[in-house]
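Below is one structure, written out as structure tokens; the observations come after it.
Quick caveat: nothing in here was measured; it's all calculated off a predicted structure.
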Amino acid sequence: MALGYPDVADMSAGAFRALARPLIRALEDSDLGADILLIPTRELVSPESLIARTSINRMAGFTTMPPRDIASFLPQDGFEPPEGPFYLVLEPHTGTCYINREPDVARKLIDSDERLPLTLEEGLAIATQHPEWLLEKNGFNLLGSRSADGRVPSIWMSQNAPRLGAVWPNSRHTWLGNAYCVARRGVSLFR
């Protein structure tokens with residue numbers, strides 16, 4: 001709530017809480033631990049609105065991409081979010097162990113390590129809920145999403161603020177990891 005998600009979703013805080021309540025109840029009865037992210041789906045909160053909700057040292061996040069480009073980054077087959085307005089990502093990481101790897105190479109490594117690449121929405125959740133990771137760890141590619149032209153969304157520090165951008169799948173950047181998690185869970189997956 002403090003991150004302004006209800007405002008971005010254009011609803012009251014009460015209505016927003018009511019949508020999240022089933023997942024929060026299921027989470028209270030689980031043993032998933034504390035290393036989780038709550039992910040609002042793009043039907044609830046648009047990705048282009050979330051980068052502006054990030055902030056590090058009072059510097060708001062930004063992008064130079066037009067909204068239509070951001071909207072074009074869709075989850076790849078097998079990485080679609082669970083049903084519902086929210087879901088959880090378990091054990092998210094910025095992919096430090098896959099730093100300085102081309103996205104296509106990193107994707108194969110992530111798959112072989114039995115991990116799941118993060119999507120655009122999941123990366124934006126890291127940037128809004130844990131912006132300090134961009135300072136303490138690294139920027140990251142979000143290999144679970146791609147645009148029709150093959151680009152991969154990325155989040156990194158630029159001009160002392162979080163930036164949403166994109167890279168080509170064969171490009172290598174020394175400051176970008178390739179973010180991953182170990183699982184995704186929607187409310188129906190707790191049953």
Side-chain angles (χ1 to χ4, degrees), residues 3 5 8-9 19-20 22-23 26-27 32 35-54 61 63 65-95 98 101-130 133-134 139-156 162-171 176-190:
L3 299 173
Y5 282 1
V8 175
L19 284 175
L23 185 60
L27 183 59
L32 295 178
D35 195 9
I36 58 174
L37 284 175
L38 178 66
I39 313 296
T41 60
R42 71 172 56 203
E43 289 76 23
L44 185 61
V45 178
S46 68
E48 59 270 14
S49 65
L50 285 181
I51 192 64
R53 292 289 174 172
T54 65
T63 186
M65 294 189 296
R68 71 177 177 281
D69 276 7
I70 297 168
S72 76
F73 291 105
L74 299 174
Q76 296 298 290
D77 288 341
F79 304 115
E80 297 88 359
E83 66 181 69
F86 297 96
Y87 65 99
L88 301 175
V89 165
L90 309 181
E91 297 181 37
H93 199 281
T94 61
Y98 305 112
R101 302 274 188 172
E102 296 90 345
D104 284 346
V105 171
R107 171 69 189 274
K108 291 175 185 170
L109 293 170
I110 289 170
D111 289 349
S112 71
D113 290 339
E114 298 182 1
R115 295 170 173 164
L116 302 170
L118 293 188
T119 64
L120 172 60
E121 289 83 356
E122 295 160 359
L124 287 166
I126 287 176
T128 55
Q129 296 171 38
H130 298 285
W133 289 9
L134 286 165
F140 46 88
N141 294 320
L142 300 159
L143 306 180
S145 295
R146 233 175 240 241
S147 65
D149 64 10
R151 290 175 301 149
V152 173
S154 305
I155 299 173
W156 68 90
R163 178 179 182 173
L164 173 62
V167 299
W168 293 102
N170 59 353
S171 60
L176 291 177
N178 291 278
Y180 64 87
C181 65
V182 298
R184 294 177 176 88
R185 293 283 185 272
V187 72
S188 64
L189 299 175
F190 282 96

Working to the nearest 0.5 Å, report the span between OG of Ser72 and CG of Asp149.
6.5 Å
Could you state the interatomic distance from CG (Asp35) to NE2 (His93), rounded to the nearest 0.5 Å?
9.0 Å
CG-CZ distance between Leu44 and Phe86, expressed to the nearest 0.5 angstrom:
5.0 Å
Taking all non-hydrogen atoms of both residues into account, name the closest pair between Pro81 and Pro75 and its distance.
CD-CG, 4.1 Å
Any side-chain heavy atom of Phe73 within less than 4.5 Å of one from Arg151?
yes
Around Arg101, counting heavy atoms of other residues, nucleotides and ligands shown, do more than 12 lie under 6.0 Å from its CZ?
no
Rounded to the nearest 0.5 Å, what separates atom CG in Asn178 from atom OG in Ser154?
8.0 Å
From Thr128 OG1 over to Leu37 CG, what is the distance, rounded to the nearest 0.5 angstrom?
8.0 Å
Would the distance check show the side chain of Arg42 and the main-chain N or O of Ala71 forming a donor-acceptor pair, the cut-off being under 3.5 Å?
yes
Measure from the side-chain N and O atoms of Gln129 to the backbone N and O of Leu38, and report whether any donor-acceptor pair falls under 3.5 Å.
yes
To the nearest 0.5 Å, what is the distance between CG on Leu134 and CD1 on Ile155?
7.0 Å
I want to check something: taking the side chain as every heavy atom from C-beta on, are Tyr98 and Val105 in contact at a cut-off of under 4.5 Å?
no
Minimal heavy-atom distance between Ala179 and Ile110, with the atoms involved, is O-CD1, 4.2 Å
With no hydrogens and no angle check, is any side-chain donor or acceptor of Glu122 less than 3.5 Å from a backbone partner on Leu120?
no
What closest approach, in Å, do Leu116 and Ala183 show between heavy atoms, and which atom pair accounts for it?
CD1-CA, 3.8 Å
Quick one: does any side-chain atom of Asn141 pair with a main-chain N or O of Leu143 as donor and acceptor, under 3.5 Å?
no
Using only atom types and a distance under 3.5 Å, with no angle test, would you say the side chain of Thr41 pairs donor to acceptor with the backbone of Pro85?
yes
Answer yes or no: is there a side-chain heavy-atom contact under 4.5 Å between Leu142 and Thr119?
no
Which atom pair, heavy atoms only, marks the closest approach of Leu50 to Tyr5?
CD2-CE1, 3.5 Å
Do Leu176 and Val167 pass the side-chain contact (heavy atoms from CB on, under 4.5 Å) test, and can you show the C-alpha distance, the side-chain angles, and the key distance before you say yes or no?
CA-CA 10 Å; Leu176 291 177; Val167 299; 4.0 Å; yes
Would you mind reporting whether Asp69 and Thr63 have side-chain heavy atoms less than 4.5 Å apart?
no
Considering all heavy atoms, the nearest Ser145-Pro153 contact
O-CD, 3.4 Å
Have a look at Asp111 and tell me which of Arg107, Arg115, Lys108 forms a salt bridge (Lys or Arg N to Asp or Glu O under 4.0 Å) with it.
Arg107
Hey, are the side chains of Met65 and Leu164 touching, using non-hydrogen atoms and a 4.5 Å cut-off?
yes
Can you find a heavy atom in the side chain of Cys181 that is under 4.5 Å from one in the side chain of Leu118?
yes
If we only count heavy atoms from C-beta on, is the Glu121 to Pro40 side-chain gap below 4.5 Å?
no
Do Pro117 and Tyr180 have side chains that get closer than 4.5 Å, going by heavy atoms?
no
Minimum heavy-atom distance Ala9-Val45, with the two atoms named
CB-CG2, 4.0 Å
